[in-house]
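One structure is given here, and the rest of the page talks about it.
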Amino acid sequence: GGIITQTPKFLIGQEGQKLTLKCQQNFNHDTMYWYRQDSGKGLRLIYYSITENDLQKGDLSEGYDASREKKSSFSLTVTSAQKNEMAVFLCASSIGSTLNYAEQFFGPGTRLTVL
Amino acid sequence: QQKVQQSPESLSVPEGGMASLNCTSSDRNFQYFWWYRQHSGEGPKALMSIFSDGDKKEGRFTAHLNKASLHVSLHIRDSQPSDSALYFCAASPTNAYKVIFGKGTHLHVLP
């Protein structure tokens with residue numbers, strides 16, 4: 001088995017601040033994802049990376065940057081935090097390759113609060 | 001329009017009862033379905049997948065898929081308080097890495 005680690009667990013920022021969230025996986029999976037979870041809105045895809053050095057925008061990429069530093073790690077940057085923003089950011093990975101409908105494995109999430 | 005719609009938003013069942021959750025896709029390209037479960041404070045975890053028409057049973061959980069109507073359901077028999085969670089339906093098209101999640105159904109199993 002493997003595990004996905006997200007840091008930090010809780011993140012408190014100020015309006016306009018640039019904030020970075022980190023994700024590590026030891027599944028040796030090719031594909032990694034960043035989702036945003038808001039109450040009542042399900043999971044919305046921000047960025048995904050099919051393989052190392054690849055980066056694809058999801059439906060909610062505006063206001064975010066992402067970086068796939070190596071196969072095991074995927075970072076997300078909030079470029080300018082919005083006041084009163086509260087959300088959970090979830091990182092996931094899957095085996096990728098031709099199994100594009102493979103199971104996704106999720107981390108525990110980073111809870112963001114912007115003051 | 002949300003491409004994956006779930007109903008109901010919230011569902012309460014007594015312990016030992018049957019819980020039925022529904023999901024419909026509005027895009028005929030979405031042919032592969034997953035059910036995920038998220039307990040409070042945790043990330044979602046996959047429960048089961050269903051890719052073919054008909055029923056798929058895993059323990060107390062049965063998924064049913066009707067590709068013609070793009071409708072998938074999840075039935076939980078003998079519901080337990082530990083089944084109380086947020087359940088997501090997720091749909092994936094062919095030849096794409098994007099997975100679309102529904103908004104979720106909150107299931108409450110009452111002791």
Side-chain angles (χ1 to χ4, degrees), chain A residues 1-6 9-10 21 23-25 27 29-51 54-61 68 74 88-111, chain B residues 1-10 21-27 29-52 56 58 61 63 65 67 72 85-106:
Chain A
I3 192 169
I4 294 185
T5 305
Q6 290 188 239
K9 192 175 174 69
F10 298 96
L21 293 71
C23 176
Q24 296 265 353
Q25 54 98 358
F27 288 99
H29 284 165
D30 288 315
T31 305
M32 296 186 73
Y33 303 83
W34 275 107
Y35 292 92
R36 176 179 166 131
Q37 182 174 21
D38 295 274
S39 179
K41 293 187 179 178
L43 305 180
R44 292 182 290 173
L45 183 63
I46 306 172
Y47 268 97
Y48 63 107
S49 170
I50 297 172
T51 61
D54 175 76
L55 212 53
Q56 306 281 340
K57 290 184 177 181
D59 297 326
L60 202 67
S61 61
R68 184 82 181 267
F74 194 29
V88 175
F89 292 85
L90 292 163
C91 176
S93 71
S94 70
I95 194 167
S97 171
T98 56
L99 295 174
N100 49 295
Y101 43 85
E103 176 181 357
Q104 293 191 16
F105 294 82
F106 284 84
T110 291
R111 284 148 183 80
Chain B
Q1 182 189 3
Q2 183 81 4
K3 288 190 174 182
V4 176
Q5 294 178 305
Q6 291 187 242
S7 64
E9 285 187 24
S10 183
L21 291 68
N22 297 294
C23 173
T24 303
S25 172
S26 60
D27 189 331
N29 290 319
F30 285 42
Q31 294 271 314
Y32 302 96
F33 294 88
W34 281 88
W35 284 99
Y36 286 80
R37 179 166 76 176
Q38 183 181 31
H39 286 108
S40 182
E42 299 178 4
K45 289 180 184 167
L47 267 177
M48 61 193 300
S49 63
I50 184 162
F51 303 152
S52 302
K56 182 178 181 181
E58 292 186 2
F61 300 87
L65 174 60
K67 282 196 174 184
V72 61
L86 181 58
Y87 288 76
F88 290 107
C89 172
S92 180
T94 55
N95 301 318
Y97 287 86
K98 288 172 68 171
V99 175
I100 305 299
F101 285 79
K103 292 185 178 182
T105 292
H106 285 273

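The structure presented is a predicted model; accordingly, all values stated were derived computationally and were not measured. No hydrogens, no waters, no symmetry mates; every other heavy atom, side chains included, goes into these values. Every chain is numbered from 1 and lettered A, B, ... according to where its sequence line falls, protein lines coming before strand lines.
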- Item | side-chain contact (heavy atoms from CB on, under 4.5 Å) evaluation trace for A/Gln104 with B/Tyr36 | CA-CA 9 Å; A/Gln104 293 191 16; B/Tyr36 286 80; 3.5 Å; yes
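For B/Glu9, no part lies under 4.5 angstrom from a heavy atom of chain A. With a threshold of 4.5 angstrom between heavy atoms, A/Gln37 approaches chain B through side-chain atoms but not through N, CA, C or O. Heavy atoms of A/Arg111 lying under 4.5 Å from chain B belong exclusively to its side chain. With a 4.5 Å cut-off on non-hydrogen atoms, B/Phe33 does not touch chain A at all.
For B/Gln31, the side chain to side chain contact (heavy atoms under 4.5 Å, CB included) test picks out B/Arg28, B/Lys67, B/Leu70, with sequence neighbours left out. Remark: B/Lys56 pairs with B/Glu58 by the salt bridge (charged side-chain N to carboxylate O under 4.0 Å, His left out) rule, at least two apart or across chains.
For the pair A/Tyr35 (side chain) and B/Phe101 (backbone), a donor-acceptor distance under 3.5 Å is absent.
The two residues B/Pro44 and A/Leu43 make their nearest non-hydrogen contact at CG-CD1, 4.1 Å.
In this structure, NZ in B/Lys3 is found 8.0 Å from CG in A/Asp59, a value given to the nearest 0.5 Å. The CZ atom of A/Phe105 sits 11.0 Å away from the NZ atom of B/Lys45 when rounded to the nearest 0.5 Å. With values rounded to the nearest 0.5 angstrom, B/Lys103 atom NZ is found 9.0 Å from A/Arg44 atom CZ.
The local environment of CD1 in A/Ile3 is sparse, with at most 12 non-hydrogen atoms from other residues, nucleotides or ligands closer than 6.0 Å.
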